[in-house]
Amino acid sequence: MNPKLSAVKGMNDILPPESARWEWFESQVRELMRAYGYRNVRTPIVEPTALFVRGIGEVTDIVEKEMYSFTDSLNGEALTLRPENTASLVRATIEHNLLYDGGKRLWYTGPMFRHERPQRGRYRQFHQVGAEALGFAGPDVDAELILMVRRLWTMLGLHGLRLEINCLGQAPERASHRAKLIAYFEAHAAQLDEDARRRLHSNPLRILDTKNPAMQELVQDAPRLLDELGEESRAHFEGLQALLRAAGQDFVVNPRLVRGLDYYNLSVFEWVSDQLGAQGTVCAGGRYDGLIEQIGGKPAPACGWALGIERVLDLLAQAERQPEAPAPDAYVVLAYTPALPRALQVAEELRAAGLAVLMHAGGGSLKSQMKKADASGARHALIFGEAEWLAGEVSVKSLRAGGEQQQRSVALQPASLLIDGLTGA
Ligand code: ATP
Ligand code: MG
């Protein structure tokens, strides 16, 4: 016996019937993007490691410890499985000069890879949908990006997601906040955990993001970036808030909502749920006006968000929002083998007319085929028997639960008779 092979830890198979929920979610996302004029972008899953080091930042969790990096054994290139899609999308935008005639609204979806400890809502291969508006300074597009996520919740029938926002200001404001923050944490050095001590001088802003309960009080009283904001940043933040209010969108200003990198600025936001345990952030976004230049492009403002699909699907499962399993319109039962070529042809005609048809495969008695037809959930069985074949007909039996299990013969020519019979019933 060969040893059993199984999926890599933290990487999941998505199987029926659960995959139907994924397909439904994806169709809603496509509809959402169409409604807001965002166009789809697909970038490679593997990129040069340097892209993520530059595009996410050396002192982030992702780059420090979560990347699947490897050397291409054929040419020695340093490569990484993408841990997120913004850096790739910005690279592609620069490489293909997409901003030559003005701003662009783009979206993506697909698998991302991070070497984390697997747990509920946290996997090593997970999936994101993201939207990015490149070349617009906001706050109008910031509000648009937030409100389109609200629309997605409505389309999905999800309630109770909370919007948190903050403003990270600009580099000089963050520099003065950073100095105050370091001084504050140094004065309370004894209360810092190991992670915080490590971040104290490399990336103190990230300490505010700590998930350690023992440090919450310390972080609560830390100097606030909001207090350092100058007039322009304040105006941007107030502009966003005014637009959200005008759109009837509630929000909480969370001064501890941060992104640890210099090219993130002004608006940041998260959509948070209380129904997901420790992994409550479903969607995170913000403005990153410095990133395009950081990756080598002409400076241009940008804002976007990324949503964790597994976390949204967890919410959908809890809300028991499962689309009906797709049932075939007809199941073809073959009681007389020589009728097979004709049955295949009829099935093709029905599919061409938009019907879903399941062909019985594997032979067996009429009785066992009828059992399979029932189990398939099909609305009708199409029975090809000898008598029907000779008469150029097929026997149509309704399989609807509760309904009269009537059976009638329908001529195969013209095909519209059968099609009408199946769609009209
Ligand atoms: P966290 O603080 O939970 O680690 P993050 O700041 O690393 O999140 P982002 O990089 O902003 O997350 O990614 C955006 C969204 O993608 C998250 O809000 C979450 O919904 C989802 N996400 C991130 N990492 C994972 C993962 N390992 N498994 C599943 N979903 C994830
Ligand atoms: Mg993370």
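We're numbering straight along the sequence, starting at 1. Read the numbers this way: they start at 1 and go in the same order the structure lists the ligands and their atoms. No experiment lies behind these values; they were computed from the predicted model shown.
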### Query
Which bit of Val282 gets closer than 4.0 Å to ligand 1, counting heavy atoms only: side chain, backbone, both or neither?
backbone

### Query
Which one holds for Gln128 and ligand 1: side chain close, backbone close, both close, or neither close, with close meaning a heavy atom under 4.0 Å?
side chain

Residue, atom name and distance, where the atom is the protein heavy atom closest to [atom]:
{"atom": "atom 21 (C) of ligand 1", "answer": "Gly308 CA, 3.6 Å"}
{"atom": "atom 29 (C) of ligand 1", "answer": "Gly121 O, 3.2 Å"}
{"atom": "atom 10 (O) of ligand 1", "answer": "Arg114 NH2, 2.8 Å"}
{"atom": "atom 30 (N) of ligand 1", "answer": "Phe126 CD1, 3.4 Å"}
{"atom": "atom 28 (N) of ligand 1", "answer": "Tyr123 N, 3.0 Å"}
{"atom": "atom 20 (O) of ligand 1", "answer": "Thr281 O, 3.0 Å"}
{"atom": "atom 27 (N) of ligand 1", "answer": "Glu116 OE2, 2.6 Å"}
{"atom": "atom 19 (C) of ligand 1", "answer": "Arg311 NH1, 3.4 Å"}

### Message
Tell me whether Asp274 is salt-bridged to Arg162, with the criterion being a basic N under 4.0 Å from an acidic carboxylate O.
### Response
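A salt bridge links Asp274 with Arg162.
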
### Message
Under a 4.0 Å threshold between the charged nitrogen and the carboxylate oxygen, would Arg21 count as salt-bridged to Glu18?
### Response
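Yes.
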
### Query
Taking Glu132 as the fixed residue, which of Trp107, Tyr288, Trp305 is the one that meets the side-chain hydrogen bond (donor to acceptor under 3.5 Å, both in side chains) rule?
Tyr288

I'd like to know whether ligand 1 has [X] as a neighbour, heavy-atom separation below 4.0 Å.
{"X": "Gln279", "value": "no"}
{"X": "Arg122", "value": "yes"}
{"X": "Glu66", "value": "no"}

Residues, nucleotides or ligands: over 12 heavy atoms within 6.0 Å of [X] [atom1]:
{"X": "Glu186", "atom1": "CD", "answer": "yes"}
{"X": "Arg351", "atom1": "CZ", "answer": "yes"}
{"X": "Gln119", "atom1": "CD", "answer": "yes"}

### Task
Please indicate, with yes or no, if any protein heavy atom is found under 4.0 Å from atom 6 (O) of ligand 1?
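False for atom 6 (O) of ligand 1.
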
For ligand 1, which atoms have a heavy atom of [X] less than 4.0 angstrom away?
{"X": "Lys211", "answer": "1 (P), 2 (O)"}
{"X": "Ala284", "answer": "11 (O)"}
{"X": "Ala306", "answer": "14 (C), 15 (C)"}

### Task
Tell me, please, whether Tyr264 has Arg174 positioned over its six-membered ring: NZ or CZ under 6.0 Å from the ring centre and within 45 degrees of its axis?
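Ring-cation test returns no.
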
### Ring geometry between Tyr38 and Tyr36 (parallel below 30°, tilted from 30 to 60°, perpendicular above 60°)
perpendicular

Could you tell me whether the side chain of [X] and the main chain of [Y] form a donor-acceptor pair under 3.5 Å?
{"X": "Gln216", "Y": "Thr210", "answer": "yes"}
{"X": "His236", "Y": "Glu232", "answer": "no"}
{"X": "Arg91", "Y": "Glu47", "answer": "no"}

